[in-house]
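Scroll down for the structure; my scribbles are underneath it.
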Amino acid sequence: MYQPTSSGNGGASQSNGYHLQGEGHVTGRRGSRGRSRDSSSRVFQQQDKERPPAPCTDFDSAYFHSYAHLGIHEEMIKDRARTETYRNAIFQHQDRIAGKVVVDVGCGTGILSIFCAQAGAKRVYAVDASDIAVQANEVVKANNLSDTIIVLHGRVEDVEIDDKVDVIVSEWMGYMLLYELYMAPVSHPDRYSDSVDFWRNVYGIDMSAMMPLAKQCAFEEPSVETISGENVLTWPHVVKHVDCYNITVHELESVSTRFKFKSMMRAPFNGFAFWFDVEFGGVLATYPSNNNAPPEFVETVDNHVTDTSQRKKRPNPNEALVLSTAPEDPATHWQQTLIYLYDPLEVEQDQLIEGSVKLSQSKENPRFMNIHLEYESGGRSFVKESVMR
């Protein structure tokens, strides 16, 4: 399963969003972290098991260490769409949390653990492998919650929890991560101008010889940045819908889809944007078995795309909370992930852009994602390879 490279905490096992399934099972969060601390406080060191989990790799250690820095936690907590949606979801399902044993996978500063304690949890195990767990323990004590929340400093694969766990809470989503993952062609000429055209005339000097290198530096890898709905050229396409209550790790090792877009305007086509939505609800919506053709995108017999609705994935807004990172919604710290073309294509209104994308776990580092993109438009075909690090 993809491990996010930017917003996450926790342990290496992941689930999705924050779903309630069966008897009070809540799921969600990101990655893992670092070392141990002495056992004199309520931050406990893991015990050896008869069948030890996979060892912590250098890649894992570097990832965990990145979450020891306060800045990333500040960024996540200040993301009101993220934090308030999780808080609302916890209290919306308070009846499934009150009196129960909760594990917060990748607790970070401990804010979700505290929300769960406020919702009446009997005991909360706050797990984090990063050294931020030390500060999380201090936060717990400062809020007089040490009798309810126990901070476990270690990987979720390694920690020992004697209680039967009723609820798992986690906020695991990273840039371009899967749940309801969308993609759409975008027009963003200002970005191209700032990064490439800038070199045509630098203080009256012709530096256009730098432009090939500038394209490579600016557009070789995916870029995480904020765009608006005005940048989006077409209705979006669902790359993958994931029911994280039933999904397996193997299913997410490689995800692929074919797409066909119809441009809604005449504009430069600069690349593709990716984003995700997460639904927090007790009952999952029913989706067709073909993840590549959800009902809101219907291909007619003449191979044209009928865009019946952009956001029909939210049929019951009163019954489910939705955390959206879409361009037209309020910005979050996840922003959007853009894969830029090295050279823009001019597209006309109603011009088709079609092809395929494959997202696969990197064999070099399982926390990286390889992206293979093939697309064609106006009689020209292209291939773009990149890595989400």
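Considering only heavy atoms from C-beta on, Y125 comes within 4.5 Å of V101 through its side chain. Residues I161 and V103 form a side-chain contact, since some pair of their non-hydrogen atoms from C-beta on lies under 4.5 Å apart. N270 has its side chain within reach of P189: a pair of non-hydrogen atoms, C-beta onward, lies under 4.5 Å apart. Contact of the V127 side chain with the D104 side chain is not registered, since no non-hydrogen atoms from C-beta on lie closer than 4.5 Å. Looking at heavy atoms from C-beta onward, L321 lies in side-chain contact with Q92 at the 4.5 angstrom threshold. Side-chain contact check for I111 versus T83: some heavy-atom pair is nearer than 4.5 Å. Proximity of D277 to L323: side-chain heavy atoms (C-beta onward) are nowhere separated by under 4.5 Å. Residues V357 and T257 meet the side-chain proximity criterion, which asks for heavy atoms closer than 4.5 Å.
Between F219 and Y340, the ring planes lie tilted relative to each other; the angle falls in the 30° to 60° range. Between W275 and Y182, the ring-plane angle classifies as parallel under the 30° and 60° cut-offs.
Nearest heavy-atom pair across A136 and G110 is CB-N, 4.2 Å. In terms of heavy atoms, E251 sits closest to V255 at O-CG2, 4.0 Å. Contact record, I339 with S386: CD1-OG, 4.1 Å, taken as the closest heavy-atom pair. Taking every heavy atom of both residues into account, L345 and L341 meet most closely at CG-CD1, 4.3 Å. Across every non-hydrogen atom of I149 and A126, the tightest pair is CG2-CB, 4.1 Å. When all heavy atoms of S324 and T332 are compared, the closest pair comes out as O-CG2, 3.8 Å.
Note: the hydrophobic cluster containing M210 also contains I205 (ILVMFWY, side chain heavy atoms under 4.5 Å, direct or indirect links). Criterion: ILVMFWY side-chain heavy atoms under 4.5 Å apart, direct or through other members. Under it, M207 and V196 are part of a common hydrophobic cluster. Note: the hydrophobic cluster containing V151 also contains I77 (ILVMFWY, side chain heavy atoms under 4.5 Å, direct or indirect links). No continuous path of hydrophobic side-chain contacts links L70 to I114 [ILVMFWY only; heavy atoms under 4.5 Å].
A 6.0 Å sphere centred on CD of E230 holds no more than 12 heavy atoms belonging to other residues, nucleotides or ligands.
Note: L112 CG to R87 CZ = 11.5 Å, rounded to the nearest 0.5 Å. Atom CD of E138 and atom CD of Q135 lie 7.5 Å apart (nearest 0.5 Å). We find the CG-OG distance between N370 and S360 to be 4.5 Å, quoted to the nearest 0.5 Å. Taking OG from S377 and NZ from K260, the interatomic distance works out to 12.0 Å, rounded to the nearest 0.5 Å. Annotation: the span from I150 atom CD1 to S113 atom OG amounts to 11.0 Å, rounded to 0.5 Å. Taking CH2 of W334 as the start and CZ of F276 as the end, the distance is 5.0 Å to the nearest 0.5 Å.
Screening residues 369-383 for salt bridge (charged side-chain N to carboxylate O under 4.0 Å, His left out) gives no qualifying pairs among residues at least two apart or on separate chains.
At distances below 3.5 Å, at least one donor-acceptor pair connects side-chain atoms of D206 with backbone N or O atoms of S208. Under a 3.5 Å cut-off, the side chain of D60 and the backbone N or O of T57 do form a donor-acceptor pair. Looking at H73, its side chain never comes within 3.5 Å of a backbone N or O of I132 through a donor-acceptor pair. Distance alone, capped at 3.5 Å, places no donor-acceptor pair between the E221 side chain and the V387 backbone. At distances below 3.5 Å, at least one donor-acceptor pair connects side-chain atoms of D243 with backbone N or O atoms of Y245. Of the possible polar contacts, none joining the D128 side chain to the A133 backbone as a donor-acceptor pair under 3.5 Å is found. Remark: the backbone N or O of R191 is not paired with any side-chain donor or acceptor of D194 at under 3.5 angstrom. Distance alone, capped at 3.5 Å, is enough to place a donor-acceptor pair between the N143 side chain and the V139 backbone. In this structure a side-chain-to-backbone donor-acceptor pair under 3.5 Å is present from N231 to S187. A donor-acceptor pair under 3.5 Å links the side-chain atoms of Q336 to the main chain of I227, judged by distance alone.
Residues F272 and Y375 bring their aromatic ring centres within 6.0 Å.
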What's the verdict on side-chain contact (heavy atoms from CB on, under 4.5 Å) for H333 and E75, showing C-alpha distance, side-chain angles and the deciding distance? CA-CA 7 Å; H333 79 283; E75 180 185 27; 3.7 Å; yes
Evaluate K215 against E220 for salt bridge (charged side-chain N to carboxylate O under 4.0 Å, His left out), listing each step before the verdict. CA-CA 7 Å; K215 292 178 186 178; E220 183 175 17; over 6 Å; no
Could you walk me through whether D197 and R200 pass salt bridge (charged side-chain N to carboxylate O under 4.0 Å, His left out), step by step? CA-CA 6 Å; D197 287 341; R200 294 185 187 277; 3.2 Å; yes
Check step by step if side-chain contact (heavy atoms from CB on, under 4.5 Å) holds for M183 and F259. CA-CA 9 Å; M183 68 179 296; F259 54 80; 3.8 Å; yes
Pair H93, F280 - check side-chain contact (heavy atoms from CB on, under 4.5 Å), show working. CA-CA 10 Å; H93 301 290; F280 295 66; 5.5 Å; no
As a quick check of understanding, evaluate ring-ring contact (aromatic ring centres under 6.0 Å, His included) for H69 and H65, giving each step before the final call. CA-CA 8 Å; H69 299 283; H65 181 69; 5.4 Å; yes
Using the rule given for ring-ring contact (aromatic ring centres under 6.0 Å, His included), can you reason through Y342 versus F382, listing the C-alpha separation, both sets of side-chain angles and the distance that settles it, and then say yes or no? CA-CA 10 Å; Y342 287 116; F382 306 87; over 10 Å; no
Dump the intermediate steps for side-chain contact (heavy atoms from CB on, under 4.5 Å) on W235 and M264, then the final yes or no. CA-CA 8 Å; W235 295 113; M264 294 187 289; 4.2 Å; yes
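With respect to D158 and R155, a salt bridge is recorded, a charged nitrogen being found less than 4.0 Å from a carboxylate O. We find that D166 and R96 are not joined by a salt bridge, their nearest charged nitrogen and carboxylate oxygen being 4.0 Å or further apart.
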